[in-house]
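Keep in mind that this is a model prediction, so the values were computed, not measured. Sequence lines set the chain letters: A, B, ... in the order given, protein chains first and strands last, and positions in each chain run from 1.
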There are 2 protein chains.
Amino acid sequence: MNPFDAPHPTNELKATAPVCDRCGSRVAGLCQPLDIAALDEISSESQQTSMPAHSMVFREGDPAGKVFTLIEGFAKLTRLLPDGKQQVVGFRFAGDVIGYTTLPSYPFDAELLTDSRLCRLERGQLDGLLRRYPKLERRMLDLCVQELTATQEQLVTVGRRSAEARVAAFLLSLVEASRRRGPPRTVLEMPMTRADIADFLGLTLETVSRSLTAFRKRGWIREPVHHRVELINLPALSALAEGTSDNG
Amino acid sequence: MNPFDAPHPTNELKATAPVCDRCGSRVAGLCQPLDIAALDEISSESQQTSMPAHSMVFREGDPAGKVFTLIEGFAKLTRLLPDGKQQVVGFRFAGDVIGYTTLPSYPFDAELLTDSRLCRLERGQLDGLLRRYPKLERRMLDLCVQELTATQEQLVTVGRRSAEARVAAFLLSLVEASRRRGPPRTVLEMPMTRADIADFLGLTLETVSRSLTAFRKRGWIREPVHHRVELINLPALSALAEGTSDNG
DNA sequence: CGTGCGATTGAGTTTCGTCAATCGGGGTGG
DNA sequence: CCACCCCGATTGACGAAACTCAATCGCACG
């Protein structure tokens, strides 16, 4: 299977989204613009591995010698502050590329939130591929721009929104990430802890907990089981996320 | 003059930093990895323009048809929130590229803070150059990764630091930006208003003002004239920026 | 000299962080 | 199989940091 694309799709996914004809994967991954020869080359040079929840894919400061694609599972990317607190700079989902940078070392930790499958490619081999397949370099640039835009979006969320608005925006971003991976669902995987969410949103875990409790009491969300959330009233959450505290 | 690089350096700058032998510009710009032929091509396809302070280089949502390099001056990049507030996603300085994106439209406003000189290149022409000069595409990717890393840094600042720590971090980022443009100075241009700084840091303008006043009273900074700041006690500012509120 | 905008300063309020106690569920060991 | 334990989540009380509203200052510009 070609390693640089998204999780193995179920049959109904195949029917509803454009797939890479080589490996049946979704377009979110890296190999979407490549031809058969390039796919073969990537396949032969990369390795697939499974890793358990809570393992570190790499750490901030490690030499950036490998590039990963998350085939299945969830990951968080974090930076450590001098005082020991952490800032989550992003979450990653099946199909996302992790750890590609032009810097000599990774600028953040990557930790798995769930048991996951990953594909691993040597940075040197990727650079070779980039030289041989210009479309792939263009693809990397596209992914980088997307990520930059998303991070700027997150800056707006953290900088200008009230606590509840941030939590609402986070829930909506889960919907968006889920949509990238398949047909829209209202019940979503949410494998991150309250502390993870808080570190992502620039809040404390208590404030996140209170916000989610408030949403639950208003009937906007349900949490049928641990690490799973059902969004019942999307319009209300959207309205709250748009406004800064009182309204929209 | 080659358009895609930094401001015309004074003689002492030429002596202290690597320059593009074609146009005497600094490495911060785009053309650093290019050969003579490519430089000629870029020069012939781009135009230099001057624009007054407070003019909009482009607006969020405009079709992203042009790419700019700030030759001289200062700019802010902002996103508008639904409720009318703005978030400054970054400031740009002489030598920086503005407005390159693979998206169909610009994801933010770009407004000049001072009278500025810009070089303008059609997006289509840049894409052609990217195809003909692979090194240039690699350079774009490098710039994008740098910007992404800086934005993540900013996310940490906004998400986890106290008001004074954010303002201190902002002042230090001005030092860093100045260093990119020439030899280190302690008196820096700071053409942004308190409101601009506040919108960058996720604070109110009053809080920014109070923080700067506090720094002034402690003798850490001076503001000899409007829009200029002298950093007297860099270690103190650094220590404050590192810690989250009380210490380090 | 007057006007206007940006900056400063003050007073009161709100939101969110802090500290602390308790809950609850899943896993483990007796 | 059951009880205990541990970790994550919840809830409450309190305090502090930053926001809001408002008045004033001061410099640049007309």
Side-chain angles (χ1 to χ4, degrees), chain A residues 52-54 76 81 83-87 113-115 157-168 170 190-218 221-229 240 243-247, chain B residues 52-54 76 81 83-87 113-115 157-168 170 190-218 221-229 240 243-247:
Chain A
H54 310 299
K76 67 172 176 183
L81 279 81
D83 65 350
K85 291 187 187 135
Q86 73 170 2
Q87 171 78 30
L113 296 172
T114 62
D115 296 345
T157 296
V158 170
R160 299 266 74 137
R161 294 204 235 258
S162 71
E164 285 198 358
R166 291 184 218 185
V167 177
F170 166 73
M190 188 169 69
M192 45 293 277
T193 66
R194 305 300 194 230
D196 290 333
I197 300 170
D199 287 339
F200 183 54
L201 297 175
L203 298 169
T204 60
L205 67 90
E206 292 93 335
T207 300
V208 171
S209 181
R210 280 186 248 268
S211 299
L212 289 173
T213 299
F215 295 167
R216 229 180 294 118
K217 286 188 174 156
R218 290 172 211 159
I221 68 171
R222 225 174 314 177
E223 294 186 277
V225 298
H226 195 52
H227 286 172
R228 190 159 305 194
V229 63
L240 180 54
T244 50
S245 67
D246 33 25
N247 53 55
Chain B
H54 308 301
K76 67 172 177 184
L81 279 81
D83 66 350
K85 290 186 186 135
Q86 73 169 4
Q87 171 78 29
L113 296 172
T114 61
D115 296 346
T157 297
V158 169
R160 297 264 79 134
R161 294 205 236 256
S162 71
E164 285 197 358
R166 292 184 218 185
V167 176
F170 166 72
M190 188 170 68
M192 45 294 276
T193 66
R194 305 299 193 230
D196 290 334
I197 300 169
D199 287 339
F200 183 54
L201 297 175
L203 299 170
T204 61
L205 67 91
E206 292 93 335
T207 301
V208 171
S209 181
R210 280 186 247 269
S211 298
L212 289 171
T213 300
F215 295 168
R216 229 181 292 119
K217 286 190 174 156
R218 289 172 213 158
I221 66 170
R222 227 174 311 178
E223 294 187 276
V225 297
H226 195 52
H227 287 172
R228 190 159 305 195
V229 63
L240 180 54
T244 50
S245 67
D246 33 22
N247 52 55

For [X] and [N], what is the distance between atoms [atom1] and [atom2] respectively, to the nearest whole Å?
X	N	atom1	atom2	value
B:Met192	C:dG6	CE	C1'	15 Å
A:Leu201	C:dC16	CG	C1'	14 Å
B:Asp199	D:dA18	CG	P	17 Å
A:Ile221	D:dT10	CD1	C1'	13 Å
B:Ile197	C:dG6	CD1	C1'	12 Å
A:His227	C:dG26	NE2	P	11 Å
B:Leu203	D:dT20	CG	P	11 Å
A:Arg194	C:dG24	CZ	C1'	13 Å

Discussion item. Using C1' atoms of five pairs at each end, report the bend of the helix from C:dC1-D:dG30 to C:dG30-D:dC1 rounded to 10 degrees.
Written reply: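 The helix from C:dC1-D:dG30 to C:dG30-D:dC1 shows an end-to-end axis angle of 30°.
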Expected output: side-chain [X] to main-chain [Y] donor-acceptor under 3.5 Å:
X	Y	result
A:Arg210	A:Leu205	no
B:Arg166	B:Arg161	yes
A:Arg218	A:Thr213	no

Worksheet item: Quick one: are A:Ile197 and A:Met190 in side-chain contact, heavy atoms under 4.5 Å?
Response: yes
Practice prompt. Could you check if a side-chain atom of A:Leu212 sits within less than 4.5 angstrom of a side-chain atom of A:Arg194, using non-hydrogen atoms only?
Written response: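 Sidechains of A:Arg194 and A:Leu212: in contact.
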What's the separation between atom [atom1] in [X] and atom [atom2] in [Y], rounded to the nearest 0.5 Å?
X	Y	atom1	atom2	value
B:His54	B:Thr114	NE2	OG1	9.0 Å
A:His226	A:Arg228	NE2	CZ	11.5 Å
B:Gln86	B:Asp196	CD	CG	6.5 Å

Worksheet item: Nearest heavy-atom pair of A:Glu164 and A:Phe215: which atoms, and what distance?
Response: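 It is O-CZ, 3.5 Å.
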Worksheet item: What does nucleotides 23-30 of chain D look like as a protein-contact string, B for base, S for sugar-phosphate only, - for none, at under 4.0 angstrom between heavy atoms?
Response: --------
Practice prompt. Evaluate the side chain to side chain contact (heavy atoms under 4.5 Å, CB included) criterion for residues B:Thr207 and B:Leu201: first the C-alpha distance (whole Å), next the side-chain angles of each, then the deciding distance (0.1 Å), finally the verdict.
Written response: CA-CA 10 Å; B:Thr207 301; B:Leu201 297 175; over 6 Å; no
Practice prompt. Assign each of A:Arg166 and B:Leu205 to its nearest nucleotide of DNA chain C by heavy atoms, then name whichever residue's nucleotide is nearer the 5' end.
Written response: B:Leu205
Discussion item. Go through it in stages, so that I can follow the logic: the residues are B:Lys85 and B:Asp199, the test is salt bridge (Lys or Arg N to Asp or Glu O under 4.0 Å), and I'd like the CA-CA distance, side-chain angles, deciding distance and then a yes or no.
Written reply: CA-CA 8 Å; B:Lys85 290 186 186 135; B:Asp199 287 339; over 6 Å; no
Worksheet item: Where along residues 206-217 of chain A does a heavy atom come under 4.0 Å from DNA chain C, residue by residue in number order?
Response: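 When residues 206-217 of chain A is checked for heavy atoms under 4.0 Å from DNA chain C, the hits, listed by number, are A:Glu206, A:Thr207, A:Arg210.
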